[in-house]
Chemist: 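Before I ask anything, here is the structure I am working with.
Everything numeric here is computed off the predicted structure, so don't read it as measured data. We name chains A, B, ... by the order of the sequence lines, and we start the count at 1 in each one.
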Amino acid sequence: MLTLNSVSLVYTNGKASVNALVDINFQIEQGKSYAIIGPSGCGKTSLIFLMMGLLHPTKGEILFNGKPLLKPHRDTALILQEYGLLPWKTVWENAALGLKLRQVDEKEIKCILERVFEELELTECIDRYPSQLSGGQKQRVALARALSLKPKLLLMDEPLSALDALTRENLQEVILKLIKRYQMTSVLVTHSIEEAVYIGQKIVILSGRPGRICAQIDNPEQGTDGYRKKTSYHEKCSEVRSLLEVYSQ
Amino acid sequence: MNSNMNKTITYFAAALFLFVLWDILALLLRNPALPRPVPALIAFFEIFPQSLWRHFLISTYRVLVSLFIGLAIAVPLGLYLGREPKLDKWVSPQLYLTYPIPKIALLPVIFAIFNIGDLSKIILIVLIIFFQIIVTTRDAAQNIPANSVLSVLSLGATPGEIYRHVIIPACLPEIFTAARISLGTAISILFFTESFATFDGLGYFIFEAWSRVNYPEMFAGIIAISLQGFILFLILDFLQRRFCPWLYT
Ligand SMILES: Nc1ncnc2c1ncn2[C@@H]1O[C@H](COP(=O)(O)OP(=O)(O)OP(=O)(O)O)[C@@H](O)[C@H]1O
Ligand SMILES: [Mg+2]
């Protein structure tokens with residue numbers, strides 16, 4: 001679906017330049033769920049922005065279904081690290097924005113959003129502003145906005161890192177359920193090993209800056225019932241942990 | 001409704017307090033140039049329906065037109081400069097070189113070129129408030145969180161849509177602040193330009209009463225110009241509540 005061919009990214013601010021990502025080769029296959037994990041500042045957000053078409057590689061190329069990705073693709077939706085909600089729009093207006101920009105008419109927007117809001121238990125928050133929501137609610141609004149566009153590829157940048165443990169686990173379930181129901185391909189960036197193992201069928205490990213892909217681990221048992229309580233889950237977590245320890249130096 | 005009541009009561013109490021201070025000061029100074037509030041108010045209510053209202057309206061018209069033109073020119077430029085760092089790098093030095101020039105010193109030049117009518121008064125005011133507005137607006141546009149812009153870009157927004165949904169609403173509170181400051185400036189400058197070679201406006205009224213040593217009438221004019229500022233401030237407040245509802249949750 002999405003192919004990254006020896007992608008490198010260098011930020012230049014005047015004379016200073018930062019090597020953010022080096023020689024990333026990566027293939028996103030339709031229907032799979034990926035988790036990208038790596039130490040702080042290794043370029044995870046940059047990688048997600050590249051996949052979204054918001055940034056362009058300094059070297060290498062990114063192909064979406066075989067065609068070069070030059071701007072955000074309408075089949076891809078993004079959830080940002082800090083939610084990316086607009087403080088001046090109500091919950092409803094925030095969630096409706098994507099559809100509105102696609103010139104979907106009001107009636108249909110209403111129809112789509114009502115379903116998504118019910119699914120995410122947001123119905124009572126419709127008229128509030130983001131400042132009046134809890135972190136978990138904000139995150140669900142961001143999800144609602146992404147889902148309303150019926151994306152084929154859902155990119156998430158540490159969507160749950162600001163939440164408390166219980167809300168976090170609860171939203172992990174919600175995300176898993178939605179990925180299945182909407183049959184989306186998904187890429188989740190996280191710095192939590194547990195989260196990566198719980199959500200990723202494939203776990204990608206990035207090195208410290210500049211980020212490189214050090215390992216891609218298969219996680220075949222992901223998504224099975226009660227995975228979080230199984231020993232295989234805990235074994236996978238320690239496997240990822242030891243790899244991270246090796247590569248994050 | 002309740003908070004409106006509270007606000008009215010607060011304003012009333014503040015006005016009462018000011019009148020009491022004024023009265024104490026007048027009693028202490030015993031100078032005819034500072035009459036006590038009651039005679040001044042009586043003079044105001046006597047003279048306002050006769051002639052003062054006309055000067056009041058003319059000055060208000062000049063202030064409003066200047067403020068409107070100032071905003072209409074400086075806000076779009078400020079927003080654009082704030083979003084185009086390369087252009088800003090060129091324009092900023094020009095702004096900082098011309099900002100500190102006391103433009104009021106150009107008054108004779110402007111009067112000589114545009115004659116002593118409404119036009120030259122308005123041009124002078126616009127020239128002065130332009131800088132306050134453009135600098136405030138530009139700074140606001142520069143400080144918009146990147147996430148707000150990126151999240152809307154990821155929805156496929158065009159540059160125009162980014163302005164409409166992100167940049168303009170994000171800067172609106174600061175634009176209102178700039179308008180409030182400029183309103184105060186505009187009233188002061190207008191007062192000055194109306195003080196000579198003019199036969200209408202509150203500045204003219206006050207100076208003319210002064211030249212006749214009619215202090216109660218002069219104070220009626222001062223009350224009128226204060227009232228003008230207060231009413232225009234209230235209108236800006238009302239507009240801000242109307243257009244920035246998310247600030248009042
Ligand atoms: N606009 C920019 N200009 C210059 N350097 C940048 C820019 N954005 C990011 N960087 C640098 O690139 C590196 C990677 O940043 P990025 O935000 O992608 O990391 P991250 O893995 O998402 O970090 P975190 O875990 O803190 O979210 C960092 O060292 C950062 O300082
Ligand atoms: Mg990040």
Chemist: Out of the candidates B/Leu77, B/Leu81, B/Ile134, only one should pair with B/Val91 under the side-chain contact (heavy atoms from CB on, under 4.5 Å) rule; please name it.
Modeler: B/Leu81
Chemist: Apply the side-chain contact (heavy atoms from CB on, under 4.5 Å) test between B/Phe191 and each candidate in B/Leu202, B/Ile206, B/Ile222, B/Val63; give the one that qualifies.
Modeler: B/Ile206
Chemist: Using non-hydrogen atoms and a 4.5 Å limit, figure out which bit of B/Val149 sits close to chain A: side chain, backbone, both or neither.
Modeler: neither
Chemist: Where on B/Ala146 is there a heavy atom nearer than 4.5 Å to chain A: the side chain, the backbone, both, or neither?
Modeler: neither
Chemist: With a 4.5 angstrom heavy-atom cut-off, which part of A/Leu80 approaches chain B: side chain, backbone, both or neither?
Modeler: side chain
Chemist: Measure B/Pro145 against the heavy atoms of chain A and call it side chain, backbone, both or neither at under 4.5 Å.
Modeler: neither
Chemist: Among B/Leu172, B/Asn147, B/Leu247, which has the most heavy-atom pairs under 4.5 Å with chain A?
Modeler: B/Asn147
Chemist: So does B/Arg164 have more than 12 non-hydrogen atoms from other groups sitting under 6.0 Å from CZ?
Modeler: no
Chemist: Does the ring center of B/Trp53 lie less than 6.0 Å from the ring center of B/Phe56?
Modeler: no
Chemist: Looking at B/Gln228, B/Arg54, B/Lys121, B/Glu194, which hits side chain to side chain donor-acceptor pair (under 3.5 Å) with B/Ser59?
Modeler: B/Glu194
Chemist: Top residue by heavy-atom pair count (under 4.5 Å) with chain B, among A/Lys89, A/His73, A/Arg74, A/Lys71?
Modeler: A/Lys89
